[in-house]
Amino acid sequence: MGAMEQTFSQRVYDVVRRIPKGRVATYGQVAALAGAPRSARFVGFALHANPEPGVIPCHRVVFRDGSLAPGFAFGGPDRQRELLEEEGVAFVPPTGNAPCGADGWKVDLDRCQWRA
DNA sequence: TATCTGACTTTGG
DNA sequence: CCCAAAGCCAGAT
């Protein structure tokens with residue numbers, strides 16, 4: 001058995017699956033842990049390609065800015081925010097001048113970004 | 001084998 | 001402050 005080579009996508013799933021509850025990681029963070037600090041774009045692509053619903057907490061993966069994926073998320077960013085709140089993830093309100101994608105609410109990376 | 005695309009990220013206007 | 005473009009890597013066709 002020598003061929004144990006997993007595709008980058010499989011590796012991404014493995015990393016995302018290790019994200020503890022109540023913590024979030026950015027695409028770049030997952031990409032780095034997967035062994036490709038420059039393929040942040042591919043992280044999202046991998047999750048979209050085969051996200052094994054219920055097994056891979058793709059809702060814990062957010063943008064570098066703390067905002068969520070617009071439109072392509074599993075049912076909408078509103079759903080993602082609700083799931084994260086259920087896990088105890090802290091959110092930051094739109095300070096009044098923060099544009100942001102989803103609802104203006106962003107994940108508090110300063111407090112809830114996952115640390116390997 | 002080559003070409004294109006994409007759930008990102010960073011820098012510039 | 002907001003919008004746009006470029007760079008990046010790995011998979012799909």
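Quick caveat, the model's predicted, so the values are computed rather than measured. Below, chains carry the letters A, B, ... as their sequence lines are ordered, and counting in each starts from 1. Hydrogens, waters and symmetry mates play no part in the numbers below; they use all other heavy atoms, side chains included.
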Could you state the atom-to-atom distance from [atom1] of [X] to [atom2] of [N] in whole Å?
X        : N     : atom1 : atom2 : value
A:Lys106 : B:dC8 : NZ    : P     : 16 Å
A:Asn50  : B:dA7 : CG    : P     : 16 Å
A:Asp65  : C:dC2 : CG    : P     : 11 Å
A:Leu109 : B:dC8 : CG    : C1'   : 14 Å
A:Phe63  : B:dC8 : CZ    : C1'   : 7 Å
A:Tyr27  : C:dC8 : OH    : C1'   : 17 Å

>> Under the side chain to side chain contact (heavy atoms under 4.5 Å, CB included) test against A:Val24, which residue among A:Leu68, A:Leu109, A:Val61 passes?
In response: A:Leu109
> With sequence neighbours left out, what residues match A:Glu52 under side chain to side chain donor-acceptor pair (under 3.5 Å)?
Replying inline: none
> Quick one: are A:Arg60 and A:Lys21 in side-chain contact, heavy atoms under 4.5 Å?
Replying inline: yes
> Taking the side chain as C-beta and beyond, is there a heavy-atom pair between A:Lys106 and A:Phe63 under 4.5 Å?
Replying inline: no
>> I need the minimum non-hydrogen distance between A:Tyr27 and A:Ala40, along with the two atoms involved.
In response: CB-O, 3.8 Å
> Does any residue of residues 14-23 of chain A have a heavy atom under 4.0 Å from DNA chain B, and if so, which ones, in number order?
Replying inline: none
> Does the side chain to side chain contact (heavy atoms under 4.5 Å, CB included) test come out yes or no for A:Ile56 and A:Val12, once each step is laid out?
Replying inline: CA-CA 10 Å; A:Ile56 301 174; A:Val12 170; over 6 Å; no
> Does CD in A:Glu85 sit with more than 12 non-hydrogen atoms of other residues, nucleotides or ligands closer than 6.0 Å?
Replying inline: yes
> Looking at C:dC8, does its base get a donor-acceptor pair with the side chain of A:Arg41 below 3.5 Å?
Replying inline: yes
> Would a distance-only check, ignoring hydrogens and angles, find a side-chain to backbone donor-acceptor pair under 3.5 Å from A:Gln80 to A:His59?
Replying inline: yes
Contacts under 3.5 Å, N or O only, protein and nucleotides 11-13 of chain C:
unit_1	atom_1	unit_2	atom_2	d
C:dG11	OP1	A:Phe8	N	3.0

